[in-house]
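Labels below follow one simple rule: chain letters A, B, ... track the order of the sequence lines, proteins then strands, and each chain is numbered from 1. Just so it is clear, the model here is predicted, and its values are computed rather than measured. Keep in mind that the numbers below use all heavy atoms, side chains included, and drop hydrogens, waters and symmetry copies.
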Amino acid sequence: MCLVLQARIMAASTSGRPVRVRIAPSPTGDPHVGTAYIALFNYVFAKQQGGKFILRIEDTDQTRARGDSEQMIYDALRWVGLSWDEGPDIGGPHAPYRQSERGAIYAAHAQMLIDSGAAYRCFCTTERLAKLRVQQQAEKLTLGYDRHCRGLDPKEGAARAAAGEVHVVRLATPLEGSVVVKDRLRGDVSIDVGQVDDQVLLKSDGMPTYHLANVVDDHLMEITHVIRAEEWISSTPKHVLLYRAFGWEEPAWYHMPLLRNADKSKISKRKNPVSINYYRDAGVLPHALLNFLGLMGWSFGDDREKFTLEEMIAAFSWDRISLGGPVFNLDKLTWLNEKYIHDLSYDALADAVIDWRLNKGYLTKVLPLVRERIKRLDELIPAIEYFFSGDLDLASRPDVIAELTKLSATWPIAQMATDLRTLVEQLEAKDGWAHKTIEEVARAWSEAIGQKAKVTFPVLRLLVTGRKASPPLFETIEVLGKEIARRRLRHGADLLPTLVK
RNA sequence: GGCCCCAUAGUCUAGCGGUUAGGACGUCGGCCUCUCACGCCGAAAACAAGGGUUCAAGUCCCUUUGGGGUCACCA
């Protein structure tokens with residue numbers, strides 16, 4: 001039996017503690033499909049082991065926080081059918097579960113590390129660090145903090161801090177040796193400490209970095225198995241070092257492969273829809289999405305590809321994980337979704353469609369935009385068709401292509417595509433999705449790229465509605481929802497060169 | 001670039017030393033059929049390369065190649 005396999009089997013019986021796992025998303029944007037993916041494996045393992053699944057919000061970055069994001073995470077996770085035993089919204093024995101509310105805990109723990117000499121205060125300015133980095137890059141040295149403040153007398157550090165001097169707290173990484181991460185899926189991963197920076201633990205705003213918060217919380221919340229994405233593997237030594245510095249027992253590490261774009265790079269919104277809300281709005285059934293995620297890196301054991309969460313829980317084992325990064329393939333997701341639709345009773349399907357968009361709530365948003373534009377009720381459905389579609393088939397619309405071609409005379413196609421992607425990114429950076437905001441962003445963007453709204457807005461309309469005429473553009477975009485609208489814009493930008501020759 | 005991870009068809013995967021390398025998506029062909037779709041049948045399509053170990057290697061080891069991740073006061 002190979003070592004990895006042995007490690008995986010031992011993993012299931014690790015330590016006598018009851019299994020507790022967590023998903024720890026950061027509320028910095030739309031609910032990510034990767035969050036659901038990792039949540040699924042945490043959830044499945046917890047349920048199989050009779051353990052607990054905890055949701056923790058990692059909102060220690062004040063600058064990236066997005067107001068609506070946390071609620072969207074709850075909604076999205078519940079939508080796919082994953083629920084948690086403890087979390088910010090439902091509480092639990094280790095509350096609070098929102099890191100921004102645990103500041104005192106981190107500060108106290110950072111102090112413990114300073115007291116024991118495992119961490120130190122650093123007064124280096126960001127300017128100095130930036131300069132250092134440029135220099136290291138120029139000289140092709142290993143990037144990282146040069147430990148300038150490490151030699152500082154702790155007493156002096158304490159005094160300067162007490163005097164109100166701005167500083168951070170850094171981990172005093174051992175100067176030599178290596179750290180072995182016992183990854184249960186990969187075996188031992190040994191990383192030389194030369195690769196490990198004196199990582200910032202406490203930021204100058206008093207908030208902890210991920211590294212400190214994550215280790216402190218996982219310990220305090222009695223997390224036994226850390227199941228997270230592979231991108232974390234290279235910072236795990238820092239975490240191991242922290243556990244040792246505190247004298248705590250490490251959790252069992254499991255680094256799952258990363259979901260990939262078609263080109264095998266880490267899944268990203270530029271190349272793939274990554275918001276769970278997109279899949280919801282595009283008419284993917286939650287169970288189909290979850291089932292599909294279960295196929296990413298894991299297989300049932302027989303040739304079964306369609307299975308329920310309960311079946312997955314019953315059949316789950318770590319030795320059926322494959323480590324190659326799975327490409328998130330929309331075609332196969334759609335095929336699976338088709339299976340789920342076909343298995344629905346007509347009654348259940350009716351409910352699903354109503355839940356989706358064929359409901360009074362959504363119609364009430366659409367109708368104000370079209371009432372003046374219809375003369376008989378029978379004109380309604382054709383008039384609002386694009387409010388109920390996912391991707392538009394622009395290639396089959398000669399009028400759209402002709403119009404785009406015309407507009408490309410003043411706005412070259414390649415540039416158009418680039419500019420549109422810029423717009424999408426600017427829209428993504430905004431909280432909320434109100435038409436006034438969208439319009440403001442679009443107007444500012446138009447000006448910035450040096451194109452008249454008379455040219456850019458028609459292009460937006462063409463790509464977003466697939467028509468030359470529509471209700472007021474920005475209200476239409478608002479009602480369509482950010483997911484569908486952004487997807488059409490991005491997808492449209494990708495398609496432009498093939499549409500207009 | 002340093003370090004780390006990974007490697008079966010275009011894609012998701014089965015495979016744990018002896019298989020005609022299996023299944024699924026997609027593609028192509030056929031059947032069914034008033035059309036389309038579903039469904040059914042069939043086809044093309046893979047062990048990255050080179051060295052070992054072994055009677056025997058997709059499976060174990062090494063090297064190379066390729067892909068990915070990571071090197072922040074972001075998570």
| query | Looking at Phe300(A), is Arg304(A) sitting on its ring face, NZ or CZ under 6.0 Å from the six-membered ring centre and within 45 degrees of the normal? | reply | yes
| request: Look at all strands and tell whether Thr126(A) reaches a base, only sugar-phosphate, or nothing, counting heavy atoms closer than 4.0 Å. | output: base
| Strictly under 6.0 Å, is that where the ring centroids of Trp298(A) and Tyr254(A) end up? | no
| Considering only side-chain heavy atoms of Glu231(A), which listed nucleotide, rG15(B), rU70(B), rC73(B), is closest? | rU70(B)
| Which nucleotide, rC73(B), rG69(B), rC74(B), lies nearest any side-chain atom of Arg64(A)? | rC74(B)
| message | Say we look at rC31(B) and rU35(B): how far apart would their P atoms be, to the nearest angstrom? | response | 12 Å
| task | Just call it for Gly297(A): base, sugar-phosphate, or nothing, with non-hydrogen atoms closer than 4.0 Å on any strand. | result | sugar-phosphate
| Between Lys47(A) and Phe45(A), is NZ or CZ placed under 6.0 angstrom from the six-membered ring centre and within 45° of the ring axis? | no
| field | Distance between P atoms of rA72(B) and rU64(B) (Å, rounded) | value | 27 Å
| request: Using a heavy-atom cut-off of under 4.0 Å over every strand shown, decide if Gly325(A) touches base, sugar-phosphate, or nothing. | output: sugar-phosphate
| Which nucleotide, rG15(B), rA75(B), rG39(B), lies nearest any side-chain atom of Glu58(A)? | rA75(B)
| message | Using the side-chain heavy atoms of Trp232(A), tell me which of these nucleotides is nearest: rG26(B), rC73(B), rA75(B). | response | rA75(B)
| query | Atom NE2 of His255(A) to atom P of rC6(B): distance rounded to whole Å? | reply | 12 Å
| How about Asn291(A) and Tyr340(A): does a side-chain donor come under 3.5 Å of a side-chain acceptor? | yes
| request: Give Ser265(A) one of three labels, base, sugar-phosphate or nothing, depending on what nucleic acid heavy atoms sit under 4.0 Å from its own. | output: sugar-phosphate
| Candidate nucleotides rC12(B), rC38(B), rG69(B), ranked by approach to the side chain of Leu258(A) - the nearest | rG69(B)
| Of the listed nucleotides rA75(B), rA14(B), rG26(B), the one nearest the side chain of Asp331(A) | rG26(B)
| message | Under 4.0 Å between a side-chain nitrogen and a carboxylate oxygen: does that hold for Arg56(A) and Asp218(A)? | response | yes
| query | Tell me: CD of Glu230(A) to P of rG69(B), nearest whole Å? | reply | 9 Å
| request: Verify the contact: side-chain N or O of Lys266(A) to OP1 or OP2 of rA75(B), cut-off strictly under 4.0 Å; return yes or no. | output: no
| task | Please determine, for the side chain of Ser234(A), which listed nucleotide (rA14(B), rC12(B), rU70(B)) has the closest atom? | result | rU70(B)
| message | Please report the distance separating the C1' of rG67(B) from the corresponding atom of rA56(B), rounded so that it comes out in whole Å. | response | 31 Å
| request: Using a 4.0 Å heavy-atom cut-off across all strands, classify Met296(A) as base, sugar-phosphate, or nothing. | output: sugar-phosphate
| task | Determine: side-chain N/O of Lys238(A) to OP1/OP2 of rA75(B), distance under 4.0 Å, yes or no. | result | no
| So, is Thr60(A) close to the rA75(B) phosphate, meaning a side-chain N or O under 4.0 Å from OP1 or OP2? | yes
| field | Touch class at under 4.0 angstrom, heavy-atom based, for Val189(A) against every strand present | value | sugar-phosphate
| request: Taking atom C1' in both rU19(B) and rA57(B), compute the distance separating them and give it to the nearest angstrom. | output: 13 Å
| message | For the P atoms, the ones on rC12(B) and on rG26(B), what distance do you get once it is rounded to whole angstrom? | response | 15 Å
| Does Ser299(A) put a side-chain nitrogen or oxygen below 4.0 Å from OP1 or OP2 of rA14(B)? | yes
| query | Taking atom C1' in both rC32(B) and rG68(B), what distance in whole Å separates the two? | reply | 46 Å
| Are His109(A) and Phe246(A) close enough that their ring centers fall under 6.0 Å? | yes
| field | Distance under 6.0 Å and angle within 45° of ring axis: Lys332(A) vs Phe292(A) | value | no
| said: Expressed as a whole number of angstroms, how long is the span from Arg66(A):CZ to rC74(B):C1'? | reply: 15 Å
| If only side-chain N and O atoms of Lys332(A) are considered, is one of them under 4.0 Å from the OP1 or OP2 phosphate oxygen of rU13(B)? | no
| request: Looking at every strand, decide which applies to Lys306(A) at a 4.0 Å heavy-atom threshold: base, sugar-phosphate, or nothing. | output: nothing
| field | Distance, rounded to the nearest Å, where Gln195(A) contributes CD and rG1(B) contributes C1' | value | 11 Å
| task | Would you tell me if any nitrogen or oxygen in the side chain of Arg260(A) comes within less than 4.0 Å of OP1 or OP2 on rG67(B)? | result | no
| query | Using a cut-off of 4.0 Å on non-hydrogen atoms, how would the nucleic acid contact of Arg304(A) be classed: base, sugar-phosphate, or nothing? | reply | nothing
| Integer angstrom distance from the P of rC3(B) to that of rU8(B) | 24 Å
| Polar side-chain contact Ser204(A)-rC73(B) base: donor and acceptor under 3.5 Å | yes
| field | Nearest to side-chain heavy atoms of Arg186(A), which nucleotide of rC73(B), rU13(B), rC5(B) | value | rC5(B)
| Euclidean distance for P, rC16(B) against rC4(B) (whole angstrom) | 31 Å
